[in-house]
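Since the structure comes first, as structure tokens, the remarks are kept for the end.
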Amino acid sequence: MPTNADPNIYQSKLLWQVWGLLCALVLISALSIGYFAAQQVASDARAAIEESLAHQVQLLKQFYTPLILREAALPVIQSKQRITVLGSDGTVLSDNREDAGLMENHLKRPEIIAASAPATSAIGLGIAQRYSTTLEQDMLYVALALGSPDAPTGYVRVSTPLTSIEQKVNAMRLQVNLLTGAFTFIAILIGLYFARRIVLPVLRMTQASALMASGEFSLRLDEGHANELGSLARALNELAAGTQAKIEEVAARQNELTVVLQGMTDGIIALNADQAVIQINRSAATILNLEQSSIINKPFQDLSIARDLSDIVTAGFTAFGPHFQTMTLGGRRIEVSGLRLGDASVEGMILVLRDTTELHRLERVRTDFVANASHELKTPISALRGFVDTVIDDTEMPAETRRTFLVRSQQQIHRLASIVQDLLQLSRLDTGYSPDSDKTLVLSDVVHQVHLTKITDAEMKQVQLICDTSPECQQHSIQGRADDLALMLSNLIDNAIKYSDHGGTVSLTLTMNGEGLIQFNVTDQGVGIPAEEHDKIFERFYRVDPARSRNKGGTGLGLSIVKHVVERYQGRIKLVSRPGQGASFSVTFPILQPDPTR
């Protein structure tokens with residue numbers, strides 16, 4: 001069944017055409033058969049009546065012949081038929097309907113003439129149908145010569161009104177017509193049944209074909225007909241199944257292609273031969289700042305970026321081979337490559353867009369880093385080289401001067417070691433981070449350990465280092481590595497101590513903030529940092545005061561290391577500082593939520 005409900009067959013033109021044709025054939029056949037049957041019945045009835053009258057006239061001949069020969073009186077026989085006896089000269093001798101004496105001579109009547117002519121009737125019968133002037137109605141006459149046909153002694157005639165014959169014939173014709181009508185009605189009903197059996201499968205197939213044309217290929221027709229209709233239904237079912245399988249295969253491949261395209265980081269735009277957009281992935285829509293679904297099947301020239309890409313599209317549709325173009329869109333650097341497609345099955349163009357803004361930024365960062373690192377390493381190496389060359393070349397250098405050069409060389413070596421150490425730390429933090437190596441850490445323990453490590457450095461600088469941890473922090477922990485967090489705190493405390501004056505105070509606090517996050521605060525009373533420098537101090541080798549920073553032994557990498565650690569553990573860092581009023585660095589981390597199943 002193509003659908004849950006069969007089509008309304010009685011609204012089908014085909015049903016009424018087929019059934020109408022069958023009805024026409026049945027009616028024509030029935031009318032023809034009825035007509036010929038009625039004619040045959042009338043003919044047979046007339047022949048039967050004539051035969052009955054002939055039999056009666058034969059009996060009357062045997063009765064009247066002796067009486068005529070003896071010239072005896074002729075009795076009048078009462079009968080439904082009119083009986084007339086004539087003499088040989090045509091005189092009416094007897095009639096059971098009229099007075100014989102008043103009747104005219106009947107010798108010239110057709111039936112008498114026929115009865116007196118042996119060649120006309122082998123047994124001397126004369127039959128005629130005519131209007132009776134005596135009875136004033138149509139009659140059927142059957143006459144027979146009395147005695148020998150060659151020398152008749154008289155005639156006996158039997159007649160019956162044609163109206164009685166017609167009544168009998170009409171009665172028989174009515175029966176034939178009723179019987180024919182009944183059979184015709186039954187034949188019409190049977191024709192409707194068989195027409196319905198023929199038309200209904202055709203309508204089902206038509207309905208199923210329409211649904212298949214609209215994309216519904218899961219429907220199946222009844223194949224139970226053991227004829228051409230069954231074969232046609234089977235062929236339609238096979239067509240639907242094959243088409244459905246092909247569509248599912250194409251859809252699966254289309255979905256695979258869509259998944260691949262949507263998963264690509266490069267933007268992909270596919271144009272057909274009419275330069276209409278037939279495919280665009282999410283990356284291309286993001287790069288071009290377009291709505292992905294709104295531009296499918298739209299002409300490329302209608303897009304807002306058509307003017308920027310018109311050169312490569314025009315070149316791509318003009319000549320085969322790859323074409324390249326670099327464009328700036330919204331402050332971003334976009335590299336575009338175009339390739340024309342053209343074969344027997346497809347013609348169009350593929351545009352590949354790659355956002356190289358971040359790549360160029362990283363390239364600049366790398367270049368700046370190499371330049372800065374080279375510059376930072378070059379300074380102590382040049383100083384070391386100068387000190388060593390001076391000591392080697394001046395063999396008569398006083399011992400005190402030599403010691404001074406060696407001490408300064410030692411300072412440069414320590415500076416080189418610090419730079420290399422910080423570079424190694426940055427390299428480690430830049431590599432892939434694996435949470436598998438993290439441990440559950442109580443941050444108050446890490447803070448106390450760092451405080452104990454740095455208190456000596458603070459005393460050497462004559463700076464007071466204060467550590468304060470909130471009791472509630474001891475109940476919370478985070479997931480991480482202790483050496484990363486210790487490195488972060490050490491760098492913040494080192495910076496605070498270096499830029500604090502003698503007698504200053506550096507405080508390290510650990511508290512819970514209002515957002516339910518654990519928070520470090522490192523505060524000093526040093527020179528402070530201008531507001532315009534706040535966003536730059538976390539860059540590698542950046543110094544607010546390069547000369548002063550180098551004199552204090554800074555590498556310019558400490559705060560960059562702090563930023564890397566904070567980002568690794570999904571934390572946030574905030575700086576509050578004004579020149580001459582010190583600086584306060586606040587670092588917050590999300591705490592480790594307790595497992596409710598334990």
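Heavy atoms only: backbone and side chains are in, while hydrogens, waters and symmetry mates are out.
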Just jot down the side chain to side chain contact (heavy atoms under 4.5 Å, CB included) partners of Ile190, sequence neighbours excluded, or say none.
Ile186, Phe194
Any donor-acceptor pair under 3.5 Å from Ser283 side chain to Met264 backbone
yes
Distance-only, no hydrogens or angles: does the Asp266 side chain make a donor-acceptor pair with backbone N or O of Val352 under 3.5 Å?
no
Is Leu93 close to Ile68 at the side-chain level, that is, under 4.5 Å between some pair of heavy atoms?
yes
Of all heavy-atom pairs linking Glu104 and Val92, the shortest is O-CG2, 3.5 Å
Any sub-3.5 Å donor-acceptor pair from Ser32's side-chain atoms to Ile28's backbone N or O?
yes
Are Leu144 and Tyr64 close enough that some pair of their side-chain heavy atoms sits under 4.5 Å apart?
no
Working to the nearest 0.5 Å, report the span between CZ of Arg109 and OG1 of Thr84.
9.5 Å
With the side chain counted from C-beta on, respond yes when Arg157 and Leu86 share a heavy-atom pair under 4.5 Å apart, and no when they do not.
no
Could you tell me which non-hydrogen atom of Gly87 sits nearest to which non-hydrogen atom of Tyr155, and how far apart they are?
O-CD1, 3.5 Å
Polar side-chain atom of Asn281 near backbone of Val260 as donor-acceptor pair, under 3.5 Å
no
With a 4.5 Å heavy-atom cut-off, do Thr153 and Leu146 have their side chains touching?
yes
With a 4.5 Å heavy-atom cut-off, do Tyr141 and Pro110 have their side chains touching?
no
So, taking the atom named CD in Gln56 and the one named CD1 in Ile49, what distance separates them when rounded to the nearest 0.5 Å?
10.5 Å
Nearest heavy atoms of Ala114 and Gly126, plus distance in Å:
CB-CA, 3.5 Å
Whether Arg130 and Glu111 form a salt bridge (side-chain N of Lys/Arg under 4.0 Å from carboxylate O of Asp/Glu) is what I want to check.
yes
Is it true that atom CZ of Phe185 has more than 12 heavy atoms of other residues, nucleotides or ligands lying nearer than 6.0 Å?
no
Please give me the minimum heavy-atom distance between Gly338 and Met349, naming the atom from each residue.
CA-CE, 3.8 Å
With a 6.0 Å cut-off (strictly less than), is the heavy-atom count around CZ of Arg354, excluding the residue itself, greater than 12?
no
Side chains of Ile112 and Lys108, heavy atoms from C-beta outward: is any pair under 4.5 Å?
no
Check the pair Val277 / Lys298 against side chain to side chain contact (heavy atoms under 4.5 Å, CB included), numbers first and verdict last.
CA-CA 6 Å; Val277 179; Lys298 282 191 174 181; 5.6 Å; no
Could you pull out every donor-acceptor pair under 3.5 Å between side chains of residues 268-276 and any protein atom, sequence neighbours left out?
residue	atom	partner	partner atom	Å
Asn272	OD1	Asp274	N	3.0
Asn272	OD1	Gln275	N	3.1
Asn272	OD1	Ala276	N	2.8
Gln275	OE1	Gln301	NE2	3.4

Partners of Asn105 by side chain to side chain contact (heavy atoms under 4.5 Å, CB included), sequence neighbours excluded?
Thr91, Leu107
So Val57 and Leu53, do their side chains get closer than 4.5 Å, heavy atoms only?
no
Could you please spell out the steps behind the side chain to side chain contact (heavy atoms under 4.5 Å, CB included) verdict for Val76 and Ile83?
CA-CA 8 Å; Val76 176; Ile83 301 174; over 6 Å; no
Donor-acceptor check, side chain of Thr357 to backbone of Arg333, threshold 3.5 angstrom: yes or no?
yes
Distance check, rounded to the nearest 0.5 Å: Gln279 atom CD versus Ile350 atom CD1?
8.5 Å
Check Asn96 against Gln81 and note the closest heavy-atom contact, atom names and distance.
ND2-O, 3.0 Å
Going by heavy atoms in the side chains, are Asp138 and Gln129 under 4.5 Å from each other?
no
Please step through side chain to side chain contact (heavy atoms under 4.5 Å, CB included) for the pair His55 and Glu51, ending with a clear verdict.
CA-CA 6 Å; His55 181 67; Glu51 184 178 357; 5.7 Å; no
Could you walk me through whether Leu60 and Ile77 pass side chain to side chain contact (heavy atoms under 4.5 Å, CB included), step by step?
CA-CA 10 Å; Leu60 290 173; Ile77 299 175; 3.6 Å; yes
In terms of heavy-atom contacts, Lys61 and Pro66 come closest through O-CD, 4.5 Å
With rounding to the nearest 0.5 angstrom, report the CZ to CZ distance, Arg97 to Arg82.
8.5 Å
